Amino acid sequence: MPTPRPTYDLVIAANRLPVDKVVTDDGEVEWRRSPGGLVTAMESVMRSQPGAWVGWAGDAGEAPEPFDEDGIHLHPVPLSTEEVRDYYEGFSNDTLWPIYHDVIVPATFHREWWSSYETVNRRFAEAVAEVAAEGATVWVQDYQLQLVPTLLRRLRPDVRIGWFNHIPFPPVELFAQLPWRAQLLEGLLGADFLGFQRQADARNFVRACRQLLGAQTKRDRVTVEGSRRQVRAAAIPISVDFRGLEELARRPDVMARAREIRASLGDPEVLMLGVDRLDYTKGIRHRLKAYEELLSERRIGPPEVTLVQVATPSRERVDAYRILRGEIEQTVGRINGELGKIGAPAVHYLHHSYPREEMAALFQAADVMLVTPLRDGMNLVAKEYVTCRHDLGGALVLSEFTGAWHELHQAFACNPHDIEGLKQTILRAINTPAKDKQRIMKALRRRVSDHDVQRWAARYLAALAAAPELPQPEARNTPTPHSVETPLMPGPSDSRSGSDGESYGESQGAARGEATGSRS
Ligand code: ADQ
């Protein structure tokens, strides 16, 4: 008789496992923990209960055998070369990603990509069903796994299922473009609790259920047709490991490295910094345009002012990303060619990944941090920057289209589409007196310190544990205001039963009250 596999009370399912494969010089395979907020948050949760993580190990082909690493049981899910192309690069990153980010580039629809997405989601659900203990809590992550909640519920009705969306959830008018919109919503409705970065994202989801499925909705709840189950959707914004990162940023070697970076750039009066995955959502082109205009109008210029742009390689096999990289590199070349000086380029462009220490040093070295996405679920770079500024130095320019802006509204806010406005904001961030900037930085740091990633995970799990199992009496009987929206696909309960007015997500009791939006 084979020994039964161990099972776990807490299971995370995410597209990627939190480790990277490293082959040492003597050919040994080692797994290195990939740094990231989610892993750090889960470490603190998994210290008190044994946990498993289900995800892809990063190489196409057969998956390695399950193994344990730093107290977490890792359960790899295999993806074939075709599945990496169709489920991951295709449907996840070239269909869902553009739709969920305001169609900044057009989305591509292919039926075979969808079919691969379904197959892989089923495989994840089966893998989770295998490792989850009776009555376990399962926390599914992100847009790559939207069908897992319902597929898993069919296999394992005993488990409690949560899902968290790291990216925005689009307005129904955009979501409705998806040929598989109903299947995606139904996939998510298998969960007990759905978490989003902003209240607006949760509202968009509830509205999509009402208008596209004809589901009954009330405030932050959707009633699943054919069952008496209710699903709650609310905002629980993610954060960073404030204490861990601040400790790193206070290390003498990291602070020395920050000074060294400035010195190697010729000790500019103003060092501006951008750090992004090279993604069209991040507004890198808009930022460069504003900077280029400020230089050509001679309002700023090297060597007194310089910009370091770190652009992490990303999704290089997706066309839109290849095109973007070409455009950015051409723009940087033009700016340096036309506006740089010998020994003082206007833009220092770096297409690399860096260790955490180097990132912390860069953040400390930068006088102005430019975070200008056109759309971003949260944007952790903004929170990491303020975390590293224990000296209260620096200024954060932050796009209103990031989730982070809903919490960090004291930052220098910008609309990156408005190039003139962005230029003014950059100048303001440079010229505001140091004392005022310190006051702002203090407030920003207080927010991130009070709402760190450990608190995010605790709040999420509390909201999942408290999620409704059966309809609340008032949800069936209380008349609700008439919604003004016109349903795209009128259903049995369309506009009349749905109301997500301003009281959205509030007064749901302690644990649930905690889980409402971020503008506290
Ligand atoms: P991302 O789109 O990847 O995440 P972001 O939140 O900024 O965006 O996180 C990027 C992470 O990568 C940060 O921790 C940053 O420090 C790190 N990083 C960036 N460039 C790097 C480099 N060159 N070297 C090393 N590290 C680098 C998605 C959503 C976001 C959401 C997060 C978390 O798109 O909106 O905030 O998930 O939910």
Side-chain angles (χ1 to χ4, degrees), residues 12 14-16 18 20 32 34-42 92-93 96-98 100-102 104 139-145 163-170 195-198 200-201 235-242 244-245 248-249 261 273-284 308-315 321 324-325 328 348-364 366 369-388 396 398-399 401-408 448 451-453 456-457 460 518:
I12 306 291
N15 176 62
R16 276 300 306 269
D20 290 318
R32 295 225 178 109
S34 39
L38 184 59
V39 196
T40 317
M42 292 335 293
S92 298
N93 290 335
L96 293 174
W97 183 270
Y100 283 39
H101 288 88
D102 289 359
I104 297 165
W139 189 0
V140 184
Q141 307 289 327
D142 232 353
Y143 62 103
Q144 300 95 348
L145 302 180
W163 175 80
F164 183 78
N165 198 29
H166 290 256
I167 67 173
F169 197 88
F196 296 87
Q197 301 276 29
R198 299 172 310 150
D201 298 313
I236 304 198
I238 199 169
S239 193
V240 296
D241 175 20
F242 185 88
L245 185 56
L248 180 79
I261 290 172
L273 175 66
V275 173
D276 316 78
R277 247 182 342 91
L278 191 40
D279 194 300
Y280 49 81
T281 58
K282 303 290 183 183
I284 305 171
V308 171
Q309 175 63 56
V310 179
T312 323
S314 183
R315 304 176 188 172
Y321 288 77
L324 176 75
R325 181 172 173 190
I328 302 278
H348 299 258
Y349 170 77
L350 302 153
H351 188 243
H352 305 293
S353 262
Y354 288 103
R356 272 158 41 87
E357 290 78 2
E358 184 72 359
M359 297 292 286
L362 273 166
F363 289 143
Q364 271 185 29
M369 183 79 217
L370 299 174
V371 179
T372 60
L374 307 178
R375 179 58 72 199
D376 212 335
M378 173 55 59
N379 195 289
L380 294 180
V381 169
K383 291 187 172 180
E384 288 165 359
Y385 178 66
V386 303
T387 300
C388 289
L396 174 64
L398 183 59
S399 162
F401 301 105
T402 61
W405 182 76
H406 293 258
E407 294 175 79
L408 304 179
V448 182
H451 295 81
D452 63 4
V453 76
W456 167 76
Y460 186 93
S518 45

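First listed ligand is number 1; within each ligand, the first listed atom is number 1. Bear in mind that the values here come from a model prediction, so they are computed numbers and not experimental data.
Taking the six-membered ring for Trp and the full ring otherwise, Y321 and W97 have centroids separated by 6.0 Å or more.
Taking a cutoff of 4.0 Å between a charged side-chain nitrogen and a carboxylate oxygen, D279 and K282 do not qualify as a salt bridge.
For ligand 1, the 4.0 Å heavy-atom shell contains residues W97, H166, Q197, I238, V275, R277, K282, V310, T312, H352, S353, Y354, M359, D376, G377, M378, N379, L380, V381, E384.
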inquiry  = Walk me through whether Q144 and N93 qualify under side chain to side chain donor-acceptor pair (under 3.5 Å).
reply    = CA-CA 9 Å; Q144 300 95 348; N93 290 335; 5.3 Å; no
Test V381 against D276 for side-chain contact (heavy atoms from CB on, under 4.5 Å), laying out the working first.
CA-CA 8 Å; V381 169; D276 316 78; over 6 Å; no
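By the 30° and 60° cut-offs, the orientation of the rings of F164 relative to H166 is perpendicular.
Residues satisfying the side-chain hydrogen bond (donor to acceptor under 3.5 Å, both in side chains) test with T312, not counting sequence neighbours, are none.
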